[in-house]
Amino acid sequence: MGRSLLILILVMFVLNAQKSCGQYEFFRLVTFWGPSFCRMYQCWREPPVPKFTLHGLWPDNYTRHLYNCGGTRYVPLRSQRSIDARDDYWYDYFLLYPPSARGNWRTEQRFWAKEWRNHGTCSETVFNQQNYFNLAKTLMFMYDLKSILFNPINQIPWPWPRVSDVQSAIFRVTRVRTELRCHYYKNGNMLVEIALCYDVTGNQVINCSRPGTVFCGKRSSRIYVPKNFK
Ligand SMILES: *[C@@H]1O[C@H](CO)[C@@H](O)[C@H](O)[C@H]1NC(C)=O
Ligand SMILES: *[C@@H]1O[C@H](CO)[C@@H](O)[C@H](O)[C@H]1NC(C)=O
């Protein structure tokens, strides 16, 4: 065997190892708060009521960010019933109309396809596509973040609670630190996403790594949490 062939085999081996993305160590379940999301972006449609909807289930590594790990292509849903069911909690605000089984899935299911490609593939060695989407749904319904945030009995001082008010309200129910994600809006930071972290099996909710916020400021900072769409 020639030396160049050996080197070629070695290079292919290394490339392949990178593509497989190594191991993921935990999941982030990232959810949008609709009223915030649609203040940041032009939403073409809104759900009938304000709610948290899924952005994505992201397998990740503590030391290295995992993204677009290769793997199988997205398998579109074909039945209107299953499309409607997923659309209910994994909502594409940029579609003009509810996704339809008769439409072009490349357009109507592009959000789900993108999430699968960019994130789902990074846990495919453990969760095949069907299991990944099932897991995403199960975890999405594990906690009702809307009731936690707008609990009339244990009220947080919205529309401008502190980061710590939101963290504590969720901690009381889940016993874990979540990850709050904000974006600058008008004259402050607005809470746009909440991520819950799960262990590698997807069974156990765990503390997200510190500091537990992205662009929300300090624990004492006030963040804007709009209750309704405009
Ligand atoms: C993920 O973390 C584990 C443990 O630190 C490590 O062995 C593995 O190589 C990491 N994966 C990637 C893709 O960095
Ligand atoms: C998360 O961290 C807090 C301390 O910050 C700790 O009290 C709690 O037990 C941890 N929860 C889990 C599930 O590890």
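Throughout, residue positions are numbered sequentially from 1 according to the sequence presented. Just so you know, these numbers come straight off a predicted model, no measurement behind them.
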Checklist line | Interatomic spacing from OH in Tyr89 to CG in Leu54 - rounded to 0.5 Å | finding: 7.5 Å
Taking atom types as modelled, is there a side-chain donor on [X] or [Y] under 3.5 Å from an acceptor on the other?
X      : Y      : result
Tyr67  : Asn118 : yes
Gln80  : Asp84  : yes
Glu115 : Trp58  : yes

Next item on the list: Answer with yes or no after comparing the ring centroid distance for Trp33 and Phe150 against a 6.0 Å cut-off, counting only values under it.
Entry: yes
Margin query: Taking the six-membered ring for Trp, are Phe37 and Phe94 closer than 6.0 Å centroid to centroid?
Written below: yes
Are any of the side-chain heavy atoms of [X] and [Y] separated by less than 4.5 Å?
X      : Y      : value
Thr178 : Phe171 : no
Val192 : Met40  : yes
Met140 : Thr31  : yes
Thr53  : Lys51  : yes
Lys227 : Pro50  : no
Asp60  : Phe27  : no

Margin query: Run the side-chain hydrogen bond (donor to acceptor under 3.5 Å, both in side chains) test on Asn189 and His183 for me, step by step, so that the C-alpha distance in whole Å, both residues' side-chain angles and the decisive distance to 0.1 Å come before the verdict.
Written below: CA-CA 5 Å; Asn189 289 326; His183 277 273; over 6 Å; no
Check: Step by step, would you call Tyr93 with Tyr41 a ring pair (Phe, Tyr, Trp, His ring centres under 6.0 Å)?
Finding: CA-CA 9 Å; Tyr93 294 88; Tyr41 300 104; 9.5 Å; no
Margin query: For Lys218, is the NZ atom crowded, meaning more than 12 foreign heavy atoms sit under 6.0 Å from it?
Written below: no
Check: Heavy-atom count around Trp160 CH2 within 6.0 Å, excluding the residue itself: above 12?
Finding: yes
Checklist line | Pairing residues for Tyr74 by the side-chain hydrogen bond (donor to acceptor under 3.5 Å, both in side chains) criterion, not counting sequence neighbours | finding: Arg86, Gln109
Next item on the list: Check each of Pro159, Cys182, Pro161 against Val225 using the side chain to side chain contact (heavy atoms under 4.5 Å, CB included) test, and report the only one that passes.
Entry: Pro161
Check: Partners of Arg110 by salt bridge (charged side-chain N to carboxylate O under 4.0 Å, His left out), sequence neighbours excluded?
Finding: Asp92
Next item on the list: Taking salt bridge (charged side-chain N to carboxylate O under 4.0 Å, His left out) as the test, write out the residues that go with Glu193, two or more places apart.
Entry: Arg181
Output side-chain donor-acceptor pairs under 3.5 Å for residues 126-136, partner residues at least two apart or in another chain, one line each.
from, atom 1, to, atom 2, distance (Å)
Asn128, OD1, Gln130, N, 3.2
Asn128, OD1, Asn131, N, 2.9
Asn128, OD1, Asn131, ND2, 3.4
Gln129, OE1, Val75, N, 2.7
Gln129, NE2, Thr72, OG1, 3.4
Gln129, NE2, Arg73, O, 2.9
Tyr132, OH, Leu57, O, 2.5
Asn134, ND2, Gln130, O, 3.4

Notebook entry, point to check: Mind checking who shares a hydrophobic cluster with Val214, ILVMFWY linked at side-chain heavy-atom distances under 4.5 Å?
Noted result: Phe215
Checklist line | Test: Asp165 and Arg219 ion pair at under 4.0 Å | finding: no
Notebook entry, point to check: Who passes side-chain contact (heavy atoms from CB on, under 4.5 Å) against Glu108, sequence neighbours left out?
Noted result: Pro99, Ser100
